[in-house]
Amino acid sequence: MKVERPVADGIVGRGMTEGGELFRTWFDRLSTAAATGEKTAYVFVMGSLVEILNVFDFPISFPEINSLQTAVRRVAHEYLNQAEDYGYSTDICGYVKADVAVQLRKGAHPMGTLPPPALAIATNACNTYVKWAEIWERLYHVPVFTLDVPGTRTADGQTWPGNADFDADCAYVAAQLRELIALCERVSGRKFDIDRLREVLGHANTMSRSWKRIIDLNRARPAVFSALTEGTVYLGVANGFRGRPEGARYFERLVEEMEYKVAHGLGTIDEEQYRLAFVGVPCYPIFRRFNEMFTEWGGVFVNSTYLWFASGGTSLGYEYDLTRPLESLAEGVLINVRQAMDAMFYTDRTLAELVEPFGLDGVVYHPIKSCRTVSTGLADSRRALMARVDIPSLFIESDMMDKRVVSEAQLKNRIDAFFEGLATRRAAALA
Ligand code: SF4
């Protein structure tokens, strides 16, 4: 049944509008930094450490997000070709190559002009991060800080405060954070201010709490947002504005919007038929069409591993203890980055736990050529999930950047067959 949507309430849809506005202000800020020579920090979404960088008021550039924007705006191929002509191989992560082309173009980007880095931060969450940051080091001779986060090493998932291994790992991360603070002081010429850190962590707490709530609210029928489309906008704000008042406010208002939609039974699509989980990174070169291939069948992505790892693990809702900001930051970084890594490498158990609360009808695996970090092992992960729960799944391959390896017709064939299977299964269950 088609749902009549209240159009004049000013609530429904504002998350998308306000998210778009925030994005534009963020790119404007970077363009201003490029024009004035303001010192900018380059970071990655997993382990960005924006909590510390915000204390020093660095403009922050996320090259992964800048790169995906070239795909969404359908110009990624121009950037990829330029980097490949320069010497980068076709099988290197497309995000890296688009960024290399941005640097070769002196920051020219569809959303503005991006400044060069004054420092860069990488973590071991993705091994490409470390090699990518070395490119900036070579191009600009800037300091690169590599944060080493000890990953989950037990079969039952990550350990928690109070566990001896966790506490040792946490002390290791805390020592690295102190080194980063000293580096930021050197680069910015400013003293570290612990009260400012408390303030930043307070805003980050509001965001993490809200982010978890929003994901939980999507258990509702119909689902109130698509983890694939709207979720990507929310993720952008979660990364770019974490620790900032406008980011905290945005997420509080987003909770209000989602609660309103749940209360009024307003779904993200009109006729929800199948509830799906998405594993991997979206197909940005044909983003809208890719999503339509599912929504045309009434399929909606109610959750995704992307919401977990691409938010740096903040989907867990970890909140910092403001009475011991630095220790708590180390703890949160350890927990969140581990959560992000586990969301890429060990998805089967978490996905199995979603089936009932989110009412999943199927799981869609989308390994991509560009990102081996996320894609390697997905076939095994799928087998492990099948061994745990009886749920249909689809395995489709394309890319997040490179339209040369995206075959829309092939995708559609596979997706149509998947939904036909879901329909048959449902009919059999009803019979
Ligand atoms: S390999 Fe994947 S996770 Fe690593 S930088 Fe590229 S897209 Fe990001």
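Counting convention: from 1, in listed order, for ligands and their atoms alike. As a basis for the values below, the full set of heavy atoms in this structure was taken, side chains included, without hydrogen atoms, waters or symmetry mates.
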* To do: Measure the distances from the heavy atoms of Val374 to every atom of ligand 1 and state whether one is below 4.0 angstrom.
  => no

* State if Met400 counts as touching ligand 1 under the rule of any non-hydrogen atom under 4.0 Å. => yes

* **Sub-4.0 Å atoms of ligand 1 with respect to non-hydrogen atoms of Thr128** => 1 (S), 4 (Fe)

* To do: Heavy-atom contacts with Thr373 under 4.0 Å: which atoms of ligand 1 show up? List them by number with element.
  => 1 (S), 4 (Fe)

* Just jot down the ligand 1 atoms closer than 4.0 angstrom to any heavy atom of Tyr95, in number order. => 7 (S)

* Starting from atom 2 (Fe) of ligand 1, locate the nearest protein heavy atom and write down its residue, its atom name and how far away it is, to 0.1 Å. => Cys371 SG, 2.2 Å

* Taking atom 4 (Fe) of ligand 1 as the reference point, the nearest protein heavy atom with its distance -> Cys126 SG, 2.3 Å

* Trp160 and Tyr318 aromatic centres sub-6.0 Å -> no

* To do: Name the orientation class of the two ring planes belonging to Tyr42 and Trp136 (parallel below 30°, tilted from 30 to 60°, perpendicular beyond 60°).
  => perpendicular

* Asked: So His109 and Tyr79, would you call those rings parallel, tilted or perpendicular, with 30° and 60° as cut-offs?
  -> tilted

* Which of the atoms of ligand 1 are close to Cys93, meaning less than 4.0 Å from one of its heavy atoms? -> 1 (S), 6 (Fe), 7 (S)

* To do: Compute the centroid of each ring, for Phe241 and then for His203, and state whether the two points are separated by less than 6.0 Å.
  => no

* Please check if atom OH in Tyr346 has more than 12 non-hydrogen atoms from other residues, nucleotides or ligands closer than 6.0 Å. => no

* **Enumerated ligand 1 atoms positioned under 4.0 Å from heavy atoms of Glu64** => 8 (Fe)

* Aromatic ring proximity Trp297/Phe418, centre distance under 6.0 Å -> no

* Structure fact -> Heavy-atom proximity to atom 5 (S) of ligand 1, picking from Phe309, Phe44, Tyr129, points to Tyr129

* Asked: In terms of the angle between their ring planes, are Trp26 and Phe62 parallel, tilted or perpendicular, with boundaries placed at 30° and 60°?
  -> perpendicular

